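FYI, the numbering just counts along the sequence from 1. Everything quoted here is computed from the prediction, not taken from an experiment.
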Amino acid sequence: MVAEYWSCSERSVRNLINAGKLGAFRVGKLLRVRAEDVQKYERMNTEPSWDETR
């Protein structure tokens with residue numbers, strides 16, 4: 001669902017998870033991503049840095 005929401009591939013989402021950039025947990029064979037983890041990742045990657053706000 002995250003891949004669909006972000007309009008990217010499932011592989012891209014798995015790469016973020018494997019790199020430790022997006023939190024996830026396993027339920028059996030499935031990977032689950034909490035909504036809070038999606039929001040946290042989006043905030044970290046869309047908010048301007050300190051230098052960009054000047």
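Judged as a salt bridge (Lys or Arg N to Asp or Glu O under 4.0 Å), not a single pair has a partner in residues 20-33 (not counting sequence neighbours). Applying the salt bridge (Lys or Arg N to Asp or Glu O under 4.0 Å) definition to pairs two or more places apart or across chains, those involving residues 6-20 are Glu10-Arg14. Sorted by first and then second residue, the ring-ring contact (aromatic ring centres under 6.0 Å, His included) pairs involving residues 19-43 (not counting sequence neighbours) are Trp6-Tyr41.
Contacts of Ser7 classified as side chain to side chain donor-acceptor pair (under 3.5 Å), with partners at least two apart in sequence or in another chain: none.
Distance check, rounded to the nearest 0.5 Å: CG of Leu22 to CG of Asn45 gives 10.0 Å. Residue Ile17 holds its CD1 atom at 11.0 Å from OG of Ser12, rounded to the nearest 0.5 Å.
Closest of all the heavy-atom pairs between Ala24 and Asp37 is N-OD2, 4.4 Å.
Hydrophobic clustering keeps Val13 apart from Met1 (ILVMFWY residues linked when any side-chain heavy atoms are closer than 4.5 Å, directly or through intermediates).
A donor-acceptor pair is defined here as one N or O able to donate and one able to accept, closer than 3.5 Å; such a pair exists between the side chain of Thr46 and the backbone of Glu42.
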